[in-house]
Amino acid sequence: MKKAVLFMLLSTLSFTGMNLMIKQLEAIPTFQIVFFRALGTVVLASIFLLKNGIHFLGNNRKLLVLRAIFGVMAMTLFFMSLKELEAGTAVSIRYIAPVFASVIAVYFLKEKLRAIQLLLFAIAFSGVMVIKGFDPNINLKGLALALAAAFFTGFVYIFIRKIGKGDHYMVIVNYFMFFSLAIGGILAINVWVNPTTTQWAMLLSLGVFGYFGQIYMTQAFQLAKTNVVAPLKYMEVVFTILISFTWLGAKYTMLSLLGVTMIIGALIVNTLLKKA
C-alpha cells in the first residue's frame, strides 16, 4: 500500500514538473513543445518494448490510432491553455475530463449515470464558473482551450477503456507519443524557434518527466485498489499550485482556489463512489 502511494505521488510530481516547464517555455511554439514532449518518451518506450519483446503495432490497431489522434489533440490544446492560464488553473480545468468521459460513456458504452454523479458533475462545472467569474487572470480563450482539452481527453478515456487489457499499456503510450512526434514535428517546421541552452535542456527533459510519470502511475494502479490511489492523482493540482505560487510567482485569488477545490473535491468523491 505504502509503495503504491509513493509511486502515485512520484507520478504526480513528474507530471507537475513537466507542466511547469511547459509554462516556462511560453516563447516556444506549442507544436514544437508537443514534438519534444513526445521525443523522449518514444525513445524510452521503444527501448522498453524491444527489451520485453512486445510487438510495437499491438492488437486493437484502430482503437490505438483513435486514442493516439484524440490524445494529440487533447495534449496540444492543454499546452496551448498553459500559455493563457496559470498552470494550476489549467490543470484543474483539464481534470473535468472524467465528467465528459462519463457522459460520452452513456452514449457509446451504454453506461448509466447515478443522480449523485450528476450532482457532483454540476458542482465541478460550477467550480469552473467560479474560476471564470471571479479570477481576473482568466481569459475566455484559455478557458475554452482547457475545456476543449478536457473534452478530447474524455474520449481518450473511452478508447483506453475499450482497448482494456487487449494491449500492453506501453504499446498504448508508444502509439500516442509516435503520433505526437510525427504531427508535432510536421506542424512545428514553419514556426520553429531556435531554443536557448536552458530551453534545450527543458525541452529534452519533457519526455523523460512524462515517461516516468506514466510508469509510476501504472505501477501504483497495479499495486493497490483504484479507489485508494486514483484520488492521489489530483495531488498534481496541489503540487502545481504550490510550486507555481512559491517559485514562479503565479497569482491565485481565494475565489479561484475555491473553484479549484469544488472541481477536485467533486471528482474525488465521484471516483470513490464509482469504486465503492
Approximate separation, where rounding is to 0.5 Å, of [X] [atom1] and [Y] [atom2]:
X	Y	atom1	atom2	answer
Leu85	Lys141	CG	NZ	10.5 Å
Arg161	Leu63	CZ	CG	13.0 Å
Ser126	Leu120	OG	CG	11.0 Å
Phe79	Ile28	CZ	CD1	13.5 Å
Ile172	Met170	CD1	CE	10.5 Å
Ile186	Ile183	CD1	CD1	7.5 Å

Under a 4.5 Å cut-off applied to non-hydrogen side-chain atoms, are [X] and [Y] in contact?
X	Y	answer
Val91	Phe78	yes
Ile241	Leu257	yes
Leu143	Glu84	no
Tyr169	Ile215	yes
Glu236	Thr240	yes
Gln199	Gln32	no
Phe15	Met18	yes
Phe212	Leu10	no

- Task: Look at the rings of Phe125 and Phe100 and say which category their plane angle falls in: under 30° parallel, 30 to 60° tilted, over 60° perpendicular.
- Result: perpendicular
- Task: Indicate the ring-plane relationship of Tyr175 and Phe179, choosing parallel, tilted or perpendicular according to the 30° and 60° boundaries.
- Result: parallel
- Decide yes or no on side-chain contact (heavy atoms from CB on, under 4.5 Å) for Met254 and Leu258, but give the supporting numbers first. CA-CA 6 Å; Met254 291 303 295; Leu258 172 61; over 6 Å; no
Is it true that a side-chain atom of [X] and a backbone atom of [Y] form a donor plus acceptor pair closer than 3.5 Å?
X	Y	value
Asn59	Asp167	no
Asn19	Ala87	no
Thr76	Met73	no

- Message: With a 4.5 Å cut-off on side-chain heavy-atom distances among I, L, V, M, F, W and Y, is there a chain of contacts connecting Phe152 to Val106?
- Response: yes
- Establish whether Leu181 and Val191 are linked, either directly or via other cluster members, by ILVMFWY side-chain heavy-atom contacts under 4.5 Å. no
[X] to [Y] - nearest heavy-atom pair and separation:
X	Y	value
Ala146	Ala90	CB-O, 4.4 Å
Gly154	Ile104	C-CD1, 4.0 Å
Ile158	Ala101	CD1-O, 3.4 Å
Leu57	Leu64	O-CD1, 3.7 Å
Ala74	Thr153	CB-OG1, 3.3 Å
Ser180	Met75	OG-CE, 3.3 Å

- Query: Would one find more than 12 heavy atoms of other residues, nucleotides or ligands at under 6.0 Å from atom OH of Tyr157?
  - Reply: yes
- Message: Tell me which pairs pass salt bridge (Lys or Arg N to Asp or Glu O under 4.0 Å) where either residue lies in residues 15-27, with sequence neighbours left out.
- Response: Lys23-Glu26
- Task: Please say which of Ile96, Thr89, Val237 ends up in a side chain to side chain contact (heavy atoms under 4.5 Å, CB included) with Ile263.
- Result: Ile96
Without placing hydrogens or testing angles, list every side-chain donor-acceptor pair under 3.5 Å for residues 33-54, not counting sequence neighbours.
residue	atom	partner	partner atom	Å
Arg37	NH1	Thr41	OG1	2.8
Thr41	OG1	Gly207	O	2.8
Ser46	OG	Val42	O	2.7
Asn52	ND2	Phe48	O	2.8

- Ser205 and Met21: CA distance, side-chain angles, deciding distance, side-chain contact (heavy atoms from CB on, under 4.5 Å) verdict: CA-CA 9 Å; Ser205 66; Met21 279 193 289; 3.2 Å; yes
- Is there a side-chain contact (heavy atoms from CB on, under 4.5 Å) between Phe155 and Leu66 once you walk through the steps? CA-CA 9 Å; Phe155 274 98; Leu66 285 172; over 6 Å; no
